[in-house]
Amino acid sequence: MRKFKVAVCQMLVTENKEENLIKAEEMIREAKSQEAKIVVLPEIFNCPYNSQSMLEMAETYPGETTSRLSNLAKELSLYIIGGSIAEKSKNKVYNTSFIFGPQGELLGRHRKMHLFDIDIKGKITFKESDVFEAGDEVTVVDTGFCKIGVAICFDMRFPELMRLMVLKGAEVIIVPAAFNTTTGPAHWHETIKVRAVDNQVYFVAASPARNLQSSYHAYGFSTIMNPFGEVVGAAEEGETIVYGEIDLNYVEKVRQELPLLKNRRKDLYTLTEV
Ligand SMILES: O=C(O)CCC(=O)C(=O)O
């Protein structure tokens, strides 16, 4: 398969976990009815993005949320990039994206590698490391028709990680995220564009819808960007599903016509995973 539709569910996340799971399922079913092959959920889609909720609602794998996503992937024969959830494992909690294939199989899991610890005076302070441990693996899953790099939110600010995914064969990078109303307007669009252009990949960034009732105001503006830096699908701040076509032949064409990856001076510098 060289061309397929990807859908990003920019869902409104509430305090009610069951409500969030039902919403995610409804949106995934809708995306399937529009013939999407890959459906993406946002970061922490089953509970509010705050330390207390994430700790309270953390689940082990397999657990309620992942079983529901896996069953849905199987029933609908879809790839589901399951946003992220708080994952409990051996007395630690991770911010984890579970990725399911069309038989309901777990294709991979990405544990957020760069934790969102920031303090922008008078604007936003957040310390994810109060809740989460950092993951330590670069995640690239193989669908059989393309390789997909998966990272979570703050991870997208680290160009080395994105490039490592491409060196492992990723032609598409998918990032469940939840930027906010301070850093979103400042950096969201530019980061998506530059990561897509530098790495010559489709870059799919999924946000929750903005919920002004919650303590964390997600930015929204989920975006699908092509390898030449053109937007192929985008939302504003409200709840919606964003669709875009991924064309792997176009990745090849851009990489040939503007040979950035080929022209790296590997004799002068290298990037290695340790
Ligand atoms: O990088 C940013 O500005 C936002 C990151 C974030 O919200 C997150 O990692 O959850």
Side-chain angles (χ1 to χ4, degrees), residues 4-50 53-54 56-59 61-87 95-107 109 143 148 150 152-153 174-179 204-214 216-224 232-246:
F4 49 89
K5 202 188 250 191
V6 64
V8 177
C9 302
Q10 181 167 295
M11 55 180 281
L12 190 86
V13 176
T14 71
E15 288 186 356
N16 184 314
K17 182 173 180 178
E18 183 56 25
E19 221 171 81
N20 293 327
L21 293 177
I22 291 171
K23 174 59 67 67
E25 176 170 343
E26 281 169 4
M27 292 179 100
I28 291 168
R29 286 187 186 281
E30 170 61 23
K32 171 71 185 183
S33 78
Q34 299 300 314
E35 298 182 344
K37 293 280 178 284
I38 299 179
V39 183
V40 186
L41 297 173
E43 183 182 24
I44 307 292
F45 72 94
N46 66 356
C47 78
Y49 187 69
N50 66 58
S53 305
M54 294 190 291
E56 277 171 19
M57 301 209 199
E59 294 180 26
Y61 173 80
E64 191 190 357
T65 301
T66 50
S67 299
R68 284 165 80 158
L69 291 182
S70 158
N71 290 340
L72 211 51
K74 185 170 182 189
E75 181 198 327
L76 302 176
S77 191
L78 273 179
Y79 290 89
I80 297 181
I81 315 296
S84 78
I85 63 169
E87 178 209 9
N95 185 342
T96 305
S97 184
F98 290 89
I99 302 142
F100 295 99
Q103 272 90 47
E105 74 280 22
L106 183 68
L107 274 185
R109 96 172 80 182
T143 61
I148 301 177
V150 178
I152 301 175
C153 203
I174 298 186
V175 181
F179 269 45
V204 180
S207 172
R210 192 171 305 165
N211 183 352
L212 297 176
Q213 313 303 317
S214 87
Y216 185 88
H217 295 166
Y219 180 52
F221 290 88
S222 295
T223 300
I224 303 166
V232 297
E236 296 191 347
E237 60 266 28
E239 186 168 80
T240 187
I241 304 178
V242 179
Y243 296 96
E245 186 181 71
I246 305 258

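Worth knowing before you read on, the calculation uses all heavy atoms, side chains too, and leaves out hydrogens, waters and symmetry mates.
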Inset, instruction - Determine whether more than 12 heavy atoms belonging to other residues, nucleotides or ligands lie under 6.0 Å from atom CD of Glu18. - result: yes
Legend entry - Within-4.5 Å side-chain heavy-atom neighbours: Ile85 and Met57: no
Legend entry - Derivation and outcome, side chain to side chain contact (heavy atoms under 4.5 Å, CB included), residues Glu237 and Phe221: CA-CA 6 Å; Glu237 60 266 28; Phe221 290 88; 3.7 Å; yes
Inset, instruction - May I ask you to decide if Ala178's main-chain N or O and Ser207's side chain share a donor-acceptor pair within less than 3.5 Å? - result: no
Inset, instruction - Give the C-alpha distance, both sets of side-chain angles, the deciding distance and a yes or no for side chain to side chain contact (heavy atoms under 4.5 Å, CB included) between Glu59 and Glu87. - result: CA-CA 5 Å; Glu59 294 180 26; Glu87 178 209 9; over 6 Å; no
Inset, instruction - Give a yes or no answer on whether the side chain of Lys23 reaches the backbone of Leu12 with a donor-acceptor pair at less than 3.5 Å. - result: no
Inset, instruction - Provide the closest heavy-atom pair for Ser84 versus Glu43 in the form atom of the first, atom of the second, distance. - result: OG-CG, 3.3 Å
Inset, instruction - Hey, could you give me the CG/CD1 distance between Asn71 and Ile80, rounded to the nearest 0.5 Å? - result: 9.5 Å
Inset, instruction - Using side chain to side chain contact (heavy atoms under 4.5 Å, CB included) as the criterion, point out the one residue from Asn95, Leu41, Ile81 that pairs with Pro176. - result: Ile81
Inset, instruction - Inspect the surroundings of NZ in Lys74 and state if more than 12 heavy atoms from other residues, nucleotides or ligands are less than 6.0 Å away. - result: no
Inset, instruction - Rounded to the nearest 0.5 Å, what's the gap from CD on Glu56 to NZ on Lys17? Could you check? - result: 11.0 Å
Legend entry - Interatomic distance, Glu105 atom CD to Ser70 atom OG [nearest 0.5 angstrom]: 8.0 Å
Legend entry - Val13 to Cys47 - nearest heavy-atom pair and separation: CG1-O, 3.3 Å
Inset, instruction - Indicate the atoms forming the closest heavy-atom contact of Cys9 with Val39, along with that distance. - result: SG-CG1, 3.6 Å
Inset, instruction - Go through the structure and list residues passing ring-ring contact (aromatic ring centres under 6.0 Å, His included) with Tyr79, not counting sequence neighbours. - result: Phe145
Inset, instruction - Using a 4.5 Å cut-off on heavy atoms from C-beta on, say whether the side chain of Ile44 contacts that of Tyr216. - result: no
Inset, instruction - State whether the side chain of Lys32 and the backbone N or O of Leu76 hold a donor-acceptor pair below 3.5 Å, judged by distance alone. - result: yes
Inset, instruction - Taking the side chain as every heavy atom from C-beta outward, state whether Thr65 and Asn20 have any pair of such atoms under 4.5 Å apart. - result: no
Inset, instruction - Verify, without hydrogens or angle tests, whether Gln10 (side chain) and Ser222 (backbone) share a donor-acceptor contact under 3.5 angstrom. - result: yes
Legend entry - Presence of salt bridge, Glu64 and Arg68, under 4.0 angstrom: yes
Legend entry - Any side-chain heavy-atom pair of Phe4 and Glu245 under 4.5 Å: no
Inset, instruction - Considering non-hydrogen atoms only, spot the tightest contact between Glu30 and Ser33 and give its length. - result: O-OG, 2.7 Å
Legend entry - Gap separating the CD1 atom of Ile152 from the CD1 atom of Ile174, nearest 0.5 angstrom: 12.5 Å
Inset, instruction - For the residue pair Ile148 and Ile38, establish whether any side-chain heavy-atom pair is separated by less than 4.5 Å. - result: yes
Inset, instruction - Output yes when a side-chain donor or acceptor of Ser97 lies under 3.5 Å from a complementary backbone atom of Arg109, and no otherwise. - result: no
Inset, instruction - Could you tell me how the ring of Phe98 sits relative to the ring of Tyr61: parallel (under 30°), tilted (30 to 60°) or perpendicular (over 60°)? - result: parallel
Inset, instruction - Specify the closest pair of heavy atoms between Gln34 and Tyr243, including all atoms of both residues, with the distance to one decimal. - result: CG-OH, 3.2 Å
Legend entry - 4.5 Å side-chain heavy-atom contact, Glu239 and Met27: yes
Inset, instruction - Hey, could you give me the OG1/CD1 distance between Thr143 and Ile99, rounded to the nearest 0.5 Å? - result: 11.5 Å
Legend entry - Atom of Leu107, atom of Gly101 and distance for their closest heavy-atom approach: CG-N, 3.9 Å
